[in-house]
2 protein chains.
Amino acid sequence: MSDKHMSRSAEMYLKAMAEMGPRQAATVSRLAERLSVTQVSANEMVRRLDEQGLVTHKPYKGISLTLKGRQAAGNVLRRQRLWECFLYDHLHIEWAHVYEFACLLEHATAPEVTEALAEFLGNPTTCPRGNPIPATDGTFSPVDGIPLSSAAVGVRARLLAVTATDTEVLKYLQDRHLLPGREVILRESAPMQGPLTLEVEGREFALGMNMAEMILIQPLASH
Amino acid sequence: MSDKHMSRSAEMYLKAMAEMGPRQAATVSRLAERLSVTQVSANEMVRRLDEQGLVTHKPYKGISLTLKGRQAAGNVLRRQRLWECFLYDHLHIEWAHVYEFACLLEHATAPEVTEALAEFLGNPTTCPRGNPIPATDGTFSPVDGIPLSSAAVGVRARLLAVTATDTEVLKYLQDRHLLPGREVILRESAPMQGPLTLEVEGREFALGMNMAEMILIQPLASH
DNA sequence: GATAATTTTATGGCTTGCCTTATTATCATA
DNA sequence: TATGATAATAAGGCAAGCCATAAAATTATC
């Protein structure tokens with residue numbers, strides 16, 4: 001109705017908000033950190049998005065997507081994740097790099113291309129990181145899992161999705177086979193937000209809490 | 001050696017120069033027209049590209065790509081045309097729209113993705129418009145054909161390539177089945193740069209000289 | 001309730017890439 | 001060689017997005 005194009009930057013801000021999900025409230029500082037810009041820059045952009053009716057910023061309270069903003073963000077996520085599927089399944093790009101390359105492509109994708117791509121891929125419902133691919137109208141339901149960081153010691157679980165987006169982080173997870181579909185056992189949780197000790201495919205290793213928050217699991221019934 | 005990234009704009013300028021080919025000398029005004037910017041803007045960008053050692057601008061003489069510029073342009077063309085192949089062959093995007101959509105994607109394509117895409121496509125050598133796909137190092141040999149505009153009346157020829165890039169023009173050609181591989185007969189050429197009369201697949205129609213210059217053919221031996 | 005920490009704004013500045021208007025330089029041609 | 005067309009440049013401006021620095025507003029904490 002109003003804006004034909006949205007700038008790359010604006011799309012990135014919207015996407016970041018959608019990716020953070022309703023779990024953690026969006027704030028200017030959080031956005032700034034995630035997008036690697038200063039708080040001032042983030043604030044400026046949030047103001048612009050607010051003026052465009054894409055987000056609502058209540059100073060000192062938080063930022064939330066409007067319906068219009070949610071749809072726009074869903075569309076970006078759709079493009080992003082469809083490209084992730086293509087890059088991973090058909091071009092055999094390394095798992096850890098898929099997000100970053102898809103991120104470049106997402107802003108350069110015409111609607112016709114998005115839909116033709118979805119068709120080509122067989123209308124997948126999740127990306128290689130396990131996250132849902134929004135429908136054409138931008139809607140999607142969040143992954144039905146809990147963060148690994150909030151799981152109980154001893155639990156055996158299926159890894160559902162990785163919400164991390166940083167290539168270095170993804171590489172770290174990839175190296176430890178912490179990929180969607182794998183089975184994970186939480187062996188130990190150190191006190192004071194300390195690292196978790198995990199077992200994946202017979203190997204044990206430690207994982208920091210921050211990363212554990214970016215991993216969604218579904219606990220499995222103990223044998 | 002010098003520049004990691006090249007801006008979208010800079011890539012467009014380089015590509016435009018490469019696409020115009022050695023046939024028509026590149027000038028600021030021609031670039032400006034092709035890119036739909038003012039001559040002043042084109043001049044500014046040419047100056048910047050010159051400073052970066054990508055082109056050589058001899059005022060009042062013309063602009064030419066340096067070795068570095070030719071490689072960069074070849075790389076852009078490679079990405080562009082590989083995407084054209086993908087969009088046409090796999091996503092079944094309408095021929096006339098392929099260029100425009102590929103043009104968006106080309107600037108957002110990491111080298112790893114380019115090469116994986118080439119592999120996926122089976123390392124094609126021409127794009128759907130019939131133009132050569134440069135090698136990894138950016139080199140390519142121009143199409144071995146003559147412009148339809150310079151063909152003799154009565155000639156029967158194979159359409160080799162379309163160098164037009166404007167979607168409207170491409171749509172016009174598509175509607176008349178003036179596509180690579182088709183057989184064309186030049187029935188008549190009106191005087192004073194007037195329109196050509198062509199026959200394609202049994203249908204006759206007129207084609208302006210400007211468009212005829214953007215079509216490369218290979219004359220066939222008369223029966 | 002005072003103080004510290006966090007958030008938000010206000011200023012001013014930078015770069016890219018575009019614009020308009022106006023002037024100067026060169027070329028081509030009568 | 002003068003002249004009109006074409007090409008190049010100069011000058012000043014604009015918008016998007018980023019930056020740093022600094023002041024104000026709010027929240028949280030003691």
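Numbered from 1 within each chain, the chains take letters A, B, ... in sequence-line order.
- Under the 6.0 Å cut-off for aromatic ring centres, B:Phe120 and B:His90 qualify, their centroids lying closer than that.
- Put simply, A:Thr38 has a side-chain N or O that comes within less than 4.0 Å of OP1 or OP2 on D:dC19.
- Here B:Ser41 lies in heavy-atom contact (under 4.0 Å) with a base.
- Scanning DNA chain C 5' to 3' for nucleotides with an atom closer than 4.0 angstrom to a non-hydrogen atom of chain B gives a first and last hit of C:dT16 to C:dC27.
- Using modelled atom types and a 3.5 Å distance limit, the side chains of B:Glu94 and B:Gln174 yield a donor-acceptor pair.
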Report all interatomic pairs (protein N or O, nucleotide N or O of nucleotides 5-9 of chain D) with separations under 3.5 Å.
residue, atom, partner, partner atom, Å
D:dA7, OP2, B:Ser29, OG, 3.4
D:dA8, OP1, B:His57, NE2, 3.0
D:dA8, OP1, B:Tyr60, N, 3.1
D:dT9, OP2, B:Asn43, OD1, 2.8

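- Inspection of the B:Thr27 and B:Ser29 side chains reveals an N or O donor paired with an N or O acceptor under 3.5 Å.
- Residue A:Tyr13 places at least one side-chain N or O under 4.0 Å from the OP1 or OP2 atom of D:dC18.
- Listed for the B:Thr114 side chain is a donor-acceptor partner under 3.5 Å among the backbone atoms of B:Ala110.
- The pair B:Arg47-B:Glu51 counts as a salt bridge, with a side-chain nitrogen and a carboxylate oxygen less than 4.0 angstrom apart.
- Rounded to whole angstrom, the span from the CZ atom of A:Arg8 across to the C1' atom of D:dA16 amounts to 13 Å.
- A salt bridge links A:Lys15 with A:Glu106: the distance from a Lys NZ or Arg NE/NH1/NH2 to an Asp or Glu carboxylate oxygen falls below 4.0 Å.
- Taking the charged nitrogens against the carboxylate oxygens, A:Glu115 and A:Arg79 have no contact shorter than 4.0 Å, which rules out a salt bridge.
- The environment of A:Glu112 atom CD is dense: over 12 non-hydrogen atoms of other residues, nucleotides or ligands sit within 6.0 angstrom.
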